Every structure is written in C-alpha cells, then in structure tokens.
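Right, one structure below, let's go through it.
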Amino acid sequence: MFRKILIANRGEIAVRILRACRELGIQTVSVYSEVDRTSLHVLLADEAYLIGPAASRESYLRIDKLMDVAKKSGCDALHPGYGFLAENAALPRACTDAGITFIGPSAEAMEAMGSKTAGKQLARRANVPTVPGTSDPIENPEDAQALAQNMGYPVLLKAIAGGGGKGMRVVPSDAAFRSAWRDAASEALNAFGDPRVFLEKYLIGPRHIEIQILADAHGRCVSLGERECSVQRRHQKVVEEAPSPVVTPELRRKMGDAAVRLGRAGGYVNAGTVEFLVDADLNFYFLEVNTRLQVEHPVTEQVTGLDLVKLQIAIAAGHRLPFAWETITPRGHAMEVRLYAEDPDNSFFPSPGKIISFRAPTGPGIRIDDGVYEGWTVPMDYDPLLSKLIAWGNSREETIARLRRALDEYTITGIRTNVSLFRRILTEPEFLRGEIRTTWLDEMLARPYPPAAPPRPGTEEAALIAAALWHSAQSNASAPGGTEPQPAPSPWKMEGRRQQMDHLP
Amino acid sequence: MFRKILIANRGEIAVRILRACRELGIQTVSVYSEVDRTSLHVLLADEAYLIGPAASRESYLRIDKLMDVAKKSGCDALHPGYGFLAENAALPRACTDAGITFIGPSAEAMEAMGSKTAGKQLARRANVPTVPGTSDPIENPEDAQALAQNMGYPVLLKAIAGGGGKGMRVVPSDAAFRSAWRDAASEALNAFGDPRVFLEKYLIGPRHIEIQILADAHGRCVSLGERECSVQRRHQKVVEEAPSPVVTPELRRKMGDAAVRLGRAGGYVNAGTVEFLVDADLNFYFLEVNTRLQVEHPVTEQVTGLDLVKLQIAIAAGHRLPFAWETITPRGHAMEVRLYAEDPDNSFFPSPGKIISFRAPTGPGIRIDDGVYEGWTVPMDYDPLLSKLIAWGNSREETIARLRRALDEYTITGIRTNVSLFRRILTEPEFLRGEIRTTWLDEMLARPYPPAAPPRPGTEEAALIAAALWHSAQSNASAPGGTEPQPAPSPWKMEGRRQQMDHLP
Amino acid sequence: MKFEIQLTGPGVKRKHVVRLERNGDACSSVAIDGEAIDANAVQIAPNAISVMLGGQSFEIHVSRSVNGALKLHCGAHEFSADIIDPRAWRGRKHGPVEVEGRQEILAPMPGKVVRLLAAVGDAVEAGQGLVVVEAMKMQNEIRSPKSGKLERLLVREGQNVNAGEALAWVE
Amino acid sequence: MKFEIQLTGPGVKRKHVVRLERNGDACSSVAIDGEAIDANAVQIAPNAISVMLGGQSFEIHVSRSVNGALKLHCGAHEFSADIIDPRAWRGRKHGPVEVEGRQEILAPMPGKVVRLLAAVGDAVEAGQGLVVVEAMKMQNEIRSPKSGKLERLLVREGQNVNAGEALAWVE
C-alpha cells in the first residue's frame with residue numbers, strides 16, 4: 001500500500017480523497033493556490049504546499065509544480081480527483097516518468113476511451129450500442145434520405161466539421177428532409193468551409209443514465225450498477241440518484257455488461273463511468289466514457305456500501321477486486337444534490353464570498369461531502385460547488401423525504417446557494433414520479449414559478465420581529481461601547497472580498 | 001397516520017424524533033424548560049411550549065403539563081424518547097385518559113417487563129435463560145452450599161432486602177462458602193434488619209449484549225439482531241456496536257428467538273430491548289427489558305437500514321410491520337460513541353458552558369445524531385450527552401478507522417468533551433480484537449496512561465506560534481480601537497454561565 | 001424601541017410599525033402596528049434569531065443584501081425588509097435610495113469586468129446586456145432594467161468589482 | 001512582536017521566546033528562541049489557527065483554561081501555554097500566579113455547592129474531599145491537592161459557582 005498520496009485537486013473532492021487516505025493510514029499532501037491557503041483541503045491534510053496564484057493554469061493545472069511537490073514531499077502516488085487534470089493523459093505520463101503511481105487509468109486507456117470520437121469507435125468495436133447513424137459524411141441527399149427513412153424520424157443532421165450547434169438540424173419528418181439538408185449543408189459551408197454532413201437518430205427526451213465500472217490490473221472488471229443523472233441545468237448535472245426509477249434488473253444487467261465489455265476492450269483499469277442516453281423505449285446508446293471518479297460517485301457508494309476512493313487506491317496499489325459483479329447487491333435508494341454558491345433567484349449568478357454562518361444537517365440517512373466551513377471565504381476563481389448533500393433511504397420516497405428534511409435544516413448566510421432550486425425540484429410531480437429527462441429541468445425553469453405555498457401564519461410577524469431585533473443588535477454593536485456579540489458587519493465582508501480580489505491576476 | 005406529535009423530551013433524542021416526524025410529514029410540538037429556550041429541539045420544532053423551570057421534576061417530569069400542552073396544541077400522539085418519563089407507566093395511562101396515542105408499549109406491558117424482578121419472572125415463564133440461582137431466600141447454609149456446588153463456583157450471595165452492595169459477597173470456592181454466608185447474612189441483618197440471602201451464579205467478565213425487538217399490534221414480533229454494549233464506564237454504556245464481535249449466526253438466532261418469546265409473553269407492542277449478559281462460553285442470561293427506544297438504536301439502524309423511530313410511529317398508528325425476521329439482513333458494521341460534555345483528563349467532571357466553536361465531521365460512513373450547535377450554552381441541569389457519533393463500514397476495521405478519522409475532525413471549544421477517551425479506546429489492542437467485557441473500560445481507566453505517541457515533529461513549534469498569534473489578536477481586540485474579529489472573551493462565557501445559574505432553584 | 005419596517009415577500013409588501021423591548025440578546029413585549037402580541041425572540045447566532053409566536057417556533061436567518069436591505073430567510077420563504085431606525089431619524093442624511101427615473105445598476109456578485117457591451121450615451125433597451133462580469137468560471141451578463149440612455153459607466157474592462165458596487169447608470 | 005511563552009505538554013515544559021510579525025489575521029516571519037523558521041499562520045475562526053510549518057499543516061484550537069493559561073489542542077495532543085506579553089511588562093502588576101505553599105482550590109466546572117466536607121481550621125490530607133459540587137446530575141468531590149490546613153472556605157452550601165471560581169485555600 002502507498003505511504004503518502006498527493007491530492008492534485010481542491011474543494012470537496014480533495015477532502016473526500018483525504019478522508020479515504022486517513023482511514024487507510026496513508027499520509028496526505030495537498031496543494032493550494034494563493035486564495036486557497038485556508039481551504040478545508042489544506043487544513044485537513046498532513047502536508048500542504050503552495051503551487052501558485054489563483055488562476056488554475058498557473059497552479060492546479062501545472063503538472064511540473066505537482067511533480068515538484070510530489071518529489072519534495074516523498075509521495076509515492078497521486079490522486080487527480082475530477083476536473084482540472086483528471087482526464088489529461090499528460091498527468092499519468094508525468095507520474096510514470098517521476099516514478100509515482102497515478103491513481104486512475106493508464107494514459108493509453110484515457111486516450112482510447114476519453115475522447116468522444118475515440119470512445120465511440122471503441123464502443124462500436126465492443127458491440128456497445130451507439131446512437132444509430134453514420135459517422136462518415138454522406139455524399140448525396142438521396143442516400144441520406146433513404147437512410148433516414150430506414151432509421152425512422154426524427155433524425156439529426158450534423159456538420160462533419162461542426163461544433164456549437166452550427167450546421168445542425170433536427171428533421172421531424174420525411175417531408176422536411178430535403179430543405180433541412182440544404183440548410184444544414186449551406187450553414188456548414190458558411191461556418192466551416194465544409195458542407196459535408198452526417199446523420200444520427202434524434203432521441204426524443206432521452207435520459208442520462210451511467211454505469212459505474214471498476215477494473216483491477218488482474219483482469220477483473222465489474223459494474224456497480226447505474227446512476228440516473230437526467231436532472232441537468234444546461235448540460236450540468238444537479239441531482240443524481242441510484243438506482244434509476246426506470247431501470248429494470250434486466251436492463252441493469254444489459255447496460256452493465258455493455259459497460260464492462262467496453263472497459264475490457266479499452267484495457268481499462270481503475271474506476272470509470274460509461275455514460276448512456278436511454279430513450280423512452282429503454283433502448284440505451286453509448287454517449288461517452290469518463291475516465292475518472294465522478295462528482296456523483298457517492299450515490300453508488302450509498303447503495304452498494306463500497307468506498308470507491310479506497311477501491312481506486314487499492315486497485316492502483318495492484319490489489320485484486322475482492323468481489324464479483326454478482327455479489328454486489330444494491331440496497332435502498334440514494335440521491336445527491338449539488339449545493340452551489342449561486343443564486344437561483346437571480347439568473348444563477350455565482351455568489352462567492354465569506355460564509356458568515358453555516359449549519360449543516362445531520363441525522364439518519366444523511367451524508368455530506370463538504371469542502372467549506374463557517375468563516376471561510378469562497379473564492380471566486382473556481383467552480384462554485386460547495387458541498388454535496390446525499391440522502392439514503394429504504395425507498396425513493398423515503399430518500400426524497402430525507403433530502404427535503406435536510407435541505408430545510410441546511411442554513412448558510414453570507415453567500416447565496418441553490419438550495420431553493422432543490423426545494424422546488426423535490427416537490428415537482430414529474431420528478432416525484434421519476435418522469436425526468438435531460439431537458440426536464442431547463443423546461444421546468446422556463447415555466448413560470450408555480451404560486452408558492454403561502455408561509456404558515458405568523459411568518460410575516462416573525463420576520464418583522466427578527467428584523468427589528470437584529471437591526472437593533474447591529475446598531476448597538478457598532479455604537480461605541482456596544483456590548484453585543486459582534487456579527488461580522490457587511491463592510492468586513494466587503495473588505496474580505498476586496499483582499500481576495502487583489503490576488504487576482 | 002398521526003397529524004401532530006408531542007415530543008416529551010429534550011436534547012439529541014428529541015431532535016432525532018423530530019426529524020423522523022418531519023420526514024413523515026407529521027407536525028411536531030416540543031416542550032422546554034426555562035434553560036432550554038434556545039435548544040436545538042426547540043428551534044427545529046414547528047411548535048414549542050415552555051413547561052417550567054430547569055429542574056426536571058418541575059418541567060420534563062410533569063405529566064400534567066405535558067397533557068396540557070398536548071391538548072392545547074392538538075397533538076394526537078406523544079413520543080417519550082428515552083429517560084425522563086419514558087418508562088413510567090403513568091405516562092401511557094395519562095395519554096389514554098387524554099385520548100392521545102402513546103408511542104411505546106402499553107402501561108401493562110411496561111409494568112410486566114420493565115422492572116427487574118417482574119422481567120425476571122416473565123423470562124422464566126417464557127423459558128428465557130436467566131442467571132442461575134434462586135430468587136427466594138434459602139433458609140439454611142447446607143442447602144445453599146449444595147446448590148452452589150451444583151451450580152459451580154464462583155457464586156454470588158445477595159441479600160433479599162439488599163441494595164447498594166450491602167449484604168453481597170462473591171464466593172470464589174467451596175472452602176470460602178461458610179464464612180461468606182455468615183458475613184453476608186450478618187451484614188444484611190445490620191443493614192436491613194433482615195438476614196435472608198439468596199444465591200446466584202457469578203458471571204466472570206460477562207459481556208453486555210442486547211437484542212432489539214419490534215412488535216406490532218397484529219401479533220408480529222421480530223428481532224433486529226444484537227448490539228454489543230460491553231464498553232461501559234461505571235455501568236454507563238459509552239461505545240456500542242452491531243454486530244457483536246462474538247455473536248455467531250447461531251447465537252444470534254437463539255438470542256433473537258429468546259427475546260421475541262419474551263416480548264410475546266409480555267404482550268409487548270412497539271420497540272423494545274432485551275438485555276443479556278453473555279459469559280465467556282457464550283451462554284446468555286436475561287438481564288432486563290428496556291421498554292423504550294435506546295440511546296444506541298442508531299447502530300441497529302445503520303446495519304439494518306431501518307428507521308426505528310418511524311417504525312415506532314407506524315406501529316403506534318396501528319400499521320403492520322412490513323417485514324419478517326428472516327428478511328432482515330444486517331449489512332456491514334456500525335459503531336457509536338457517546339460524546340459527553342465531561343473532561344476525561346479531570347475525573348470526568350461535567351463541563352457545561354457555551355460552545356464557542358464547533359465543527360462536526362461528515363463524509364462517507366459518518367452519521368451524527370446531534371443536539372447542540374455553535375453558540376449554544378450547554379446547560380448544567382441535564383445529562384451531559386451532546387451528540388452521538390456513529391460510523392458505518394464494510395467491516396469492523398473500516399468502521400473503527402472511520403470513527404477515528406471522524407474523531408480527529410471533531411472540534412469543539414468552550415467546553416470539554418470526552419473525545420480523547422474514545423481516541424484511547426479505539427487504539428487499545430484488546431478493543432481492536434473485540435475482547436471486551438463490562439468491566440473492561442473501568443479496568444483500562446485504572447491502568448496508568450500508556451506513554452502517548454509523541455506528537456509529530458513541529459507540533460510544539462506550531463502550538464507556540466498559535467499561542468502567540470491568538471494572544472496578540474485577543475489583545476488587539478480588547479484594546480480600544482482593535483479591529484480584529486472578536487473571539488468571545490472568557491468573561492462573556494463566565495457571564496453566560498452566571499446568568500444560567502440564576503435560573504437554578 | 002420602535003421601528004418602521006417595509007416588509008416585502010411572497011405576495012406581501014406593507015409597512016409596519018414594530019415596537020419591542022430588548023433585554024440583552026432577547027426581546028419580549030412586542031407590538032406590531034400598535035397591537036400587543038404574544039411573542040419573544042432571542043438571537044441564537046450572529047445571523048440567526050429564534051422567534052416564538054404563540055407556540056409557533058420560527059428560526060430566521062438574517063443577512064444584508066447588496067442594496068442594504070435585510071434579507072430574512074424563514075425556511076423556504078424569504079422576505080426583504082427596509083428599516084427606518086428611530087435613532088437614524090435624528091440627523092439622518094438620506095432615506096432608502098429610491099432614485100426616480102435613473103436606475104443604478106449594481107454588481108450582483110463580486111467578479112471581474114471582462115467586457116463592456118454598450119458605451120456612454122448609447123440608447124439601451126430593457127434587458128439589453130451592459131456589462132459582462134466573470135466569476136467562478138462563468139460569464140454573467142448584467143442587463144439594463146429599463147429602456148433609456150446609458151448615462152454613466154462606472155467600471156472599465158479588467159476591473160475587479162465587489163457585490164453591490166455600482167456598474168452603470170441608466171437614465 | 002515578542003512573546004515569552006511557557007509551554008507545557010506531553011513530556012514538555014520549557015520557556016520559549018517567540019517573535020512574529022502580524023499582518024491582519026495572519027503572521028509570517030517567525031522566529032523561535034532567536035532562530036528564524038519557515039512558518040506562516042492564519043486565524044481561520046475565532047478560536048482556531050492554521051499553522052504551516054515547512055509543508056506540515058497544523059490546525060490548532062485555542063481556548064482559555066480556568067486558571068487563565070491557554071489550552072492548545074492539536075489533534076489528539078494538548079498543550080498549555082502561559083504567555084508573558086511584552087506590553088504587559090510595562091506596569092504589570094503580577095506574574096503568573098505561583099503562590100508558594102498556599103494552594104487555591106478552583107471549581108473545575110460550574111455548578112452548585114451541595115456539601116462542605118471540612119471546616120476552616122481542619123487538618124486535611126492530600127486527596128481528601130473538601131467540597132461537593134453538583135452539575136449535570138453528577139456530584140463531584142473537589143479534593144485537596146496537598147496535606148495541610150484548610151485556611152479559608154470561600155463558598156457556602158447551596159451557592160452556585162462558576163468554573164475557575166476559588167472554593168477554598170489550603171495552607
């Protein structure tokens with residue numbers, strides 16, 4: 001087993017990895033940028049080293065600095081977390097050169113599976129269903145239309161050279177095919193100087209369901225079941241759960257087999273996730289592979305009882321997986337919400353700043369993977385993920401009830417969070433019935449807010465009394481000779497932010 | 001289902017019950033004494049009513065006041081928690097008179113099973129093993145000695161009228177019998193005016209292992225398996241775990257059957273615990289029944305996935321238990337430590353006072369059932385239990401590793417806690433091997449402290465720097481015109497305590 | 001003590017007069033709009049107050065919004081309060097800012113101005129982007145609340161701004 | 001700034017001179033006993049300080065014990081520190097209390113005096129109970145730290161006491 005692990009990340013995932021190391025008796029080394037000196041992952045680590053200014057490209061993305069820290073502190077392994085360099089094949093290569101074990105797949109497996117196109121080719125070779133269509137351009141519209149008829153409408157036309165939605169057209173019916181083809185091709189020509197398009201089946205309201213796999217270096221590759229991640233805002237997952245409300249044991253087995261087949265075909269070792277789109281008829285299509293730990297890995301941990309980070313470390317140390325796929329029996333239901341420092345009532349604007357007060361829910365069935373504490377200033381330089389709130393229950397209903405209870409107990413002041421978004425999602429009838437798809441949340445947010453349940457009688461009066469009492473305490477405290485406990489005043493917060501801004505390039 | 005439940009308790013257990021109610025969509029009513037106005041169980045409840053001064057006998061033990069609150073607030077059920085009135089048959093009787101459902105056993109079952117003597121008689125009738133011996137006095141020493149020889153030494157002589165250890169003698173061998181008999185009888189005569197004694201098998205180093213049962217009103221009674229509670233300081237449990245390190249599936253079945261037999265014999269309905277002593281040969285002997293929820297119920301919840309408080313409520317509402325004993329499959333290992341406001345380095349003196357700062361551990365496998373928050377003043381009037389820290393893991397080893405990790409993260413200032421006691425217990429080789437018995441902790445504490453592992457290099461320097469920085473910040477803050485954030489100074493804490501003292505009778 | 005409070009919330013916008021007697025961290029003896037009510041309140045943390053109203057328990061978290069008003073969170077509900085302090089009546093310089101016609105555009109979060117989308121003197125539409133502020137890897141367009149003329153731009157590209165800092169005026 | 005600190009801990013009791021330069025909540029430029037060391041420290045909460053020493057990260061929680069010394073918790077380890085403040089040197093009235101011979105018995109926790117076990121003038125043994133203080137349903141006997149004479153009793157039965165309050169003197 002390793003003696004000391006470098007955690008090449010920050011925030012909640014760095015803390016998560018650090019906790020696993022501590023439980024395994026492994027020393028931890030954190031790295032930090034100038035604005036992260038007081039971050040939780042620095043406080044909890046055994047050792048921590050400054051690696052540069054706030055901007056990621058000058059700190060958390062600097063492989064050379066990471067290698068310097070690893071060597072100087074005597075680390076024998078490195079965990080990349082997610083984001084930053086986690087899917088950059090240059091990092092495992094640098095680790096190999098430095099004689100440090102990278103906790104993740106090999107550079108080769110990362111490249112073979114990580115990119116969308118390489119992954120799709122591998123999927124075809126491994127006989128894993130992909131979205132029907134061509135990946136080569138089609139020369140003439142007649143062939144294309146025949147193919148579309150064959151495939152069934154709607155279909156999607158996509159520019160070969162495409163990106164950002166240019167040269168893309170949804171074709172709802174055969175009648176619309178010819179004009180859509182002309183539009184797509186001419187738009188593609190204008191945008192990329194290349195008119196060629198190809199054809200894909202257009203999935204209506206698909207779900208995003210992914211399979212967690214684990215593979216050791218001794219040829220065992222297992223599926224730990226699925227996660228349902230269809231609740232997304234602008235392609236960003238915000239609620240994840242396991243099991244999926246629609247996956248049957250039969251489908252679970254089929255998707256798990258496909259994911260394992262893909263993992264084997266790519267020579268994959270360590271933890272990885274195979275993402276699928278699932279249509280209304282429960283057909284599944286390969287989307288991409290994430291060659292790393294996912295943000296939402298805790299929901300799989302809660303239903304399987306496994307600790308994925310510890311297993312990643314054990315696999316990297318050359319251990320054999322101690323179980324077969326058949327022995328993994330998910331229990332109950334788990335759901336995660338991602339708490340962000342952003343204001344759902346104000347266009348989801350980011351809300352960095354000093355956390356004035358913070359009380360996190362606890363009790364039965366509640367887990368928090370956190371990266372923040374009271375008094376800490378959330379820097380404006382990174383992803384706004386504060387913590388993940390994860391609930392477990394015997395049923396989906398109990399899990400949702402626990403999550404709602406926990407959200408009601410979660411209080412934080414000084415910054416805004418998206419807690420109210422989850423309060424709303426967790427009462428939407430469609431969500432409660434599990435009728436969700438990747439477009440569902442954006443559609444929900446586009447609808448006018450339903451009239452809120454009126455606050456219970458007395459709330460208004462209580463608010464008035466609180467406002468008056470707080471205001472008078474504030475005035476007393478700021479008056480000379482005031483004896484009240486001094487709530488951090490607004491100017492102080494402002495100053496904290498200003499100091500932090502001064503660190504910016 | 002109930003509409004509104006009165007929680008006739010305070011502290012962590014009141015919060016625990018309140019959370020279950022909230023998850024079930026049931027309104028909650030708390031009660032509080034004058035020193036509990038800002039306690040967590042008051043803040044989190046929907047409604048809360050003052051029921052008297054700090055002294056329990058004038059507040060939490062006043063059945064009349066509880067009934068007043070229940071009626072005035074329209075409660076249809078009452079949960080007693082543990083302690084206070086939880087095992088007082090007058091409470092279910094008063095509830096019945098007031099037309100309120102008591103969430104617990106009937107007054108009759110409480111009386112038939114709750115007292116040590118009644119419970120023991122019932123156990124004999126139900127063919128549940130009790131400690132061998134007589135409960136009737138033995139007239140002459142010859143008969144007694146014959147019985148003792150039959151039973152095997154050591155035996156215990158106990159005064160019929162006894163209590164407090166008077167008139168009690170352990171007899172190690174046959175040779176010592178006659179003189180021990182004389183001593184016990186004459187001591188009993190002097191102490192109680194009654195020389196009669198009876199005889200019991202003296203168990204050497206027994207374990208305390210208990211079985212959680214659940215019984216509904218429709219005749220189903222099931223065992224949820226055992227909890228090992230042998231780590232006790234002066235007969236007070238401080239660490240509990242499930243499963244027990246020594247209980248085999250065969251023994252689990254036998255103990256579970258015995259507990260269920262006892263529950264049926266007593267007409268028991270709701271959650272209850274049958275406590276056993278288990279000797280070195282794994283013979284088990286009935287000790288007593290706790291006719292209520294136990295402090296340590298979370299370890300059973302963590303391994304079974306069940307929510308005992310919700311099940312208590314469902315049973316009281318007349319629901320059928322949705323499972324049979326055979327379907328309950330414990331998973332992994334759970335362990336609880338009881339965090340008390342007491343100073344293990346200073347004779348375990350209580351340490352009430354204001355919580356200046358507080359950071360609780362979270363992350364995988366950690367649950368906290370808490371009753372405190374930062375800024376709250378722990379009153380000196382009640383039990384010093386602050387919170388329960390519960391860890392779950394795939395194995396006993398992983399659970400202990402998680403608990404140690406969590407204890408390292410647990411920080412609280414302003415009051416002392418017994419965290420260091422658990423740090424020590426969780427590294428004792430005997431504990432790690434599971435070789436514990438009810439006398440183990442007292443014996444450990446009687447031994448000199450083992451030489452502590454030296455702090456890692458630099459700790460001393462870091463402490464010096466922290467002391468200097470903190471001291472200078474303090475001085476600045478107290479100086480006129482100081483601009484530092486103001487840590488609550490010691491006089492403030494003193495004043496808080498003094499104010500609180502003024503409430504005392 | 002007497003406070004005049006303008007309370008804004010879900011379906012509520014009213015001015016009230018609150019009278020209370022403070023006693024250290026707590027208060028009892030409360031009257032709202034002249035009517036005595038059975039309530040007591042106590043500050044349980046720098047930014048949290050427990051209010052007991054009859055038997056109803058409320059926990060209210062208080063913070064200051066960028067425009068200086070108080071934000072009051074009560075479970076899922078949120079109110080905003082503008083307070084006119086009796087002591088502030090003596091020698092107070094200005095009431096709550098309520099500029100007629102001219103709108104001051106404030107930064108809703110701290111960040112860095114990465115782009116100006118309009119120039120001083122431009123006619124702007126309601127909803128038109130004026131300034132792009134970047135924070136936490138996101139670019140956020142700050143839009144004009146009304147149609148009119150961009151009267152002043154108070155920031156330049158590359159400048160760091162605090163939450164609540166004025167960015168521009170639209171007349 | 002310069003501090004003379006008496007540090008007591010597991011196997012440690014030494015006096016050190018610590019020099020540091022404060023910069024708001026933080027400090028850098030640290031020297032201990034005249035030797036400059038690679039360290040920086042920052043106050044992360046009212047009672048918590050993060051110290052980075054070389055690459056080693058320490059989080060230290062500070063509180064004041066009943067006798068006025070600082071208690072420093074560093075993970076499982078605990079130190080006690082008596083500080084002689086340079087500013088206190090000017091016009092300071094007394095050093096750390098270290099009364100020769102006479103021992104002042106302090107209440108280790110707040111509570112209520114429920115029983116006096118000795119009377120003024122009594123000869124007492126080391127370890128003999130002097131006063132019983134009740135708190136949290138527990139009665140706690142406060143014992144004499146030395147053999148001698150009970151010189152003064154500063155509390156009466158039924159009286160409430162604070163942590164750190166003097167209960168008695170043994171000469």
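We name chains A, B, ... by the order of the sequence lines, and we start the count at 1 in each one. Since we're looking at a predicted model, the values are computed, not measured. Values below: every heavy atom of this structure, side chains too, minus hydrogens, waters and symmetry copies.
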I'd like to check the side chain to side chain donor-acceptor pair (under 3.5 Å) partners of B:Ser357; sequence neighbours left out, ordered by chain and number. B:Thr413

Ignoring hydrogens, what is the shortest heavy-atom contact between B:Arg405 and A:Glu23? Give both atom names and the distance. NE-OE2, 2.9 Å

Taking 4.5 Å as the heavy-atom cut-off, does anything in residues 386-399 of chain B contact chain A, and if so which residues? B:Trp392, B:Asn394, B:Glu398

Give me the atom names and distance for the closest heavy-atom approach of B:Asp307 to A:Arg402. OD2-NH2, 2.8 Å

For chain B, which of A:Ala401, A:Pro361, A:Gly365, A:Gly363 has the most heavy-atom pairs under 4.5 Å? A:Gly363

Say whether, by atom type as modelled, one donor and one acceptor occur between the side chain of B:Arg456 and the main chain of A:Asp46 under 3.5 angstrom. yes

What residues of residues 10-20 of chain B sit under 4.5 Å from chain A when only non-hydrogen atoms are counted? B:Arg16, B:Arg19

Near B:Arg331 CZ, under 6.0 Å, is it more than 12 heavy atoms from other residues, nucleotides or ligands? yes

B:Leu44, part contacting chain A, at a heavy-atom distance under 4.5 Å: side chain

Which residues in residues 367-376 of chain A have any heavy atom lying under 4.5 Å from a heavy atom of chain B? A:Arg367, A:Ile368, A:Asp369, A:Asp370, A:Tyr373, A:Glu374

Identify which of B:Ala360, B:Pro298, B:Gly332, B:Gly305 forms the greatest number of heavy-atom pairs closer than 4.5 Å to chain A. B:Gly305

Kindly indicate, with the supporting measurements, whether the criterion side chain to side chain contact (heavy atoms under 4.5 Å, CB included) is fulfilled by A:Arg359 and B:Leu40. CA-CA 12 Å; A:Arg359 206 160 77 216; B:Leu40 198 54; 4.2 Å; yes

Residue part contacting chain B, namely of A:Pro364, when any heavy atom lies under 4.5 Å: both

